[in-house]
Enquirer: 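Pasting a structure here, questions to come.
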Protein chains: 2
Amino acid sequence: MAKSGTVSKIRHQGVVGPSDTRRALIDAATETLKAEGFAGASARAIAGRAGCNQGLVFYHFGSVVNLLLAALDAVSADRLEHYGTAVSGVDSPSELVEVAAAIFQEDLDAGYVSVLVAMIAGASSTPGLGPEVADRIAPWIQFAQQAVEVSLVDSWLSSAIPSQDVAVAVVALYLGLEMLTHLDGDRAPALALFEHANRFAALFASMTGPTTKDGSGETGPEEAR
Amino acid sequence: MAKSGTVSKIRHQGVVGPSDTRRALIDAATETLKAEGFAGASARAIAGRAGCNQGLVFYHFGSVVNLLLAALDAVSADRLEHYGTAVSGVDSPSELVEVAAAIFQEDLDAGYVSVLVAMIAGASSTPGLGPEVADRIAPWIQFAQQAVEVSLVDSWLSSAIPSQDVAVAVVALYLGLEMLTHLDGDRAPALALFEHANRFAALFASMTGPTTKDGSGETGPEEAR
DNA sequence: GTCTATACTTGGATAGAC
DNA sequence: GTCTATCCAAGTATAGAC
């Protein structure tokens, strides 16, 4: 077999890659957060899902909370990279809304956002967890802001709306819709919302025409102030 | 003193009113949910805050979860009644946004919405809790829907936007903003959002003029479809 | 690196005295 | 109704064998 003595000796964390168990624990922690929430994400529950011993949680991560943060890191990195490729071709608000709707459905199915919700809620229960979670949520807001700015390039809306505030609203809506949808299992209202958002994006775009193509619409209606 | 023998005999739960301890436990449960989240809301923590024995939680409510649901009921009834009086004079979207901004600041200061967030998040951890919480969140959505409908009476927007979807969005935004604000303690972005919402409400109102006064604006722009 | 075993703590819940 | 005392289950974390 290819697994000679020297090869197996190199295979420790940090050189070739993380150990299988470490990875399994992170995945199991993610799944446990999705299914059982923060209060249900104990070392025993996670290790049981990972098919290994409970003590390994502390060997690999030092504490349960550290493992949960590692899981949050993994989900964050995974999704943000995915979002980045998804919005790479977007250059209008209505396109952005369409992409966001598709991504939101993905996240809802896979339960990625419920990991964020669980960790944010859990931050209230565990001393010192708040700032750690906040640091890991910030990139989501930053990404949303960037996406909004890119989609609004050359639009009169870009001067009317501070992109940072819109980004906060988008992430807040994302988290809130996840909570409500998760609560009663009915995703219809959430999906309907994206439909309306799409119509509104088209409406706003029509108020000055396709500015990116004819280049005539520089200013919006005065009422927008 | 007015507290004669017969009067004190009537003073048991359900006739004159709930016992002091019962009320104290509900209040303490609310405070504990705000401060420690769902995972930190144990019988001991709550009883400690209420200044009574831990066993009384089970005597009065049967289980910790039942007490938490009673606390959610109390917060819900309290706030929804308050909201009702706050929006009683509203008859335009921009007025509604103004009232909502004021209410949101109140809720943020008092931490009422964090009780909802904690219970929704906790519903993932406790079997059977989900539907109970969902039943208690539904009135919030229903109230929001009603408020939106009232504010849009005679506006062309009322036919363009299904009020139920807007209500879900408003509640989701409410929950999400609470989470994000609670996380890093900075309420500035949330408050800025209400400012922008106000401008947009005014913008939409201006698109057909004050329809409730001249009665001419029945239809909106075709782009609204 | 992984397992077993164990110490320690906290939490839900009940029994019984007052 | 309230308290003390207690049982039992579950959780975190560590020690030590393999």
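Quick note on labels: first sequence line is chain A, next is B, and so on, each numbered from 1. Please read these numbers as outputs of a predicted model, since none were measured by experiment.
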Enquirer: For dG1(C) and Thr21(A) - does any side-chain N or O of the residue sit under 4.0 Å from the phosphate oxygens OP1/OP2?
Expert: no
Enquirer: With sequence neighbours excluded, tell me which residues meet ring-ring contact (aromatic ring centres under 6.0 Å, His included) with Phe143(A).
Expert: Tyr83(A)
Enquirer: Mind calculating the distance between CG (Leu56(A)) and P (dT14(D)) to the nearest angstrom?
Expert: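 Between P of dT14(D) and CG of Leu56(A): 14 Å.
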Enquirer: Can you name the salt bridge (charged side-chain N to carboxylate O under 4.0 Å, His left out) partners of Asp73(A), sequence neighbours left out?
Expert: Arg136(A)
Enquirer: Once you build an axis from the first five pairs and another from the last five of the helix from dG1(C)-dC18(D) to dC18(C)-dG1(D), how far apart in angle are they, to 10 degrees?
Expert: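 Result, rounded to 10 degrees: 0°.
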Enquirer: Under the salt bridge (charged side-chain N to carboxylate O under 4.0 Å, His left out) test, which residues partner Asp184(B), sequence neighbours left out?
Expert: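 Partners of Asp184(B) under the salt bridge (charged side-chain N to carboxylate O under 4.0 Å, His left out) test: none.
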Enquirer: Please report the shortest heavy-atom distance between Leu33(B) and Ala41(B), naming the atom on each side.
Expert: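 Shortest heavy-atom separation between Leu33(B) and Ala41(B) comes out as CD2-CB, 3.9 Å.
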Enquirer: To the nearest angstrom, how far is Phe61(B) atom CZ from dG1(D) atom P?
Expert: 11 Å
Enquirer: Can you name the residues that form a salt bridge (charged side-chain N to carboxylate O under 4.0 Å, His left out) with Arg79(B), not counting sequence neighbours?
Expert: Glu106(B), Asp107(B)
Enquirer: Once salt bridge (charged side-chain N to carboxylate O under 4.0 Å, His left out) is applied, do any residues pair with Asp165(B), and if so which ones, sequence neighbours excluded?
Expert: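 With sequence neighbours excluded, Asp165(B) shows a salt bridge (charged side-chain N to carboxylate O under 4.0 Å, His left out) to no residue whatsoever.
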Enquirer: Rounded to the nearest angstrom, tell me the gap between atom CZ in Arg49(B) and atom P in dG11(C).
Expert: 13 Å
Enquirer: Excluding sequence neighbours, so at least two apart, what forms side-chain contact (heavy atoms from CB on, under 4.5 Å) with Leu152(B)?
Expert: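 Applying side-chain contact (heavy atoms from CB on, under 4.5 Å) to Leu152(B) gives Pro93(B), Val148(B), Ser155(B), Leu157(B), Ser158(B).
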Enquirer: Whole angstroms only, please: what is the NE2-C1' distance between His60(A) and dG1(C)?
Expert: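 These atoms are roughly 6 Å apart.
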Enquirer: Would you mind reading off the distance between Ile46(A) atom CD1 and dA13(D) atom C1', rounded to a whole angstrom?
Expert: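 Roughly 14 Å, once rounded to whole Å.
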Enquirer: Check the pair Leu68(A), Phe38(A) against side chain to side chain contact (heavy atoms under 4.5 Å, CB included), reporting the backbone distance first and the verdict last.
Expert: CA-CA 9 Å; Leu68(A) 298 180; Phe38(A) 183 86; 3.8 Å; yes
Enquirer: Rounded to the nearest Å, what distance is computed from the CD atom of residue Glu36(A) to the C1' atom of nucleotide dG11(D)?
Expert: 15 Å
Enquirer: Can you identify which nucleotide, out of dG11(D), dG1(C), dT2(D), has its nearest atom closest to the Ser42(A) side chain?
Expert: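 Selected nucleotide: dG11(D).
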Enquirer: Output all residues satisfying ring-ring contact (aromatic ring centres under 6.0 Å, His included) with Tyr174(A), sequence neighbours left out; order by chain, then residue number.
Expert: Phe104(A)
Enquirer: Under 3.5 Å between N/O atoms: give me all the protein pairs with nucleotides 13-16 of chain C, atom names plus distance.
Expert:
| from | atom 1 | to | atom 2 | distance (Å) |
| --- | --- | --- | --- | --- |
| dA13(C) | N7 | Gln54(B) | OE1 | 2.8 |
| dA13(C) | N6 | Gln54(B) | OE1 | 3.3 |
| dA13(C) | N6 | Gln54(B) | NE2 | 3.0 |

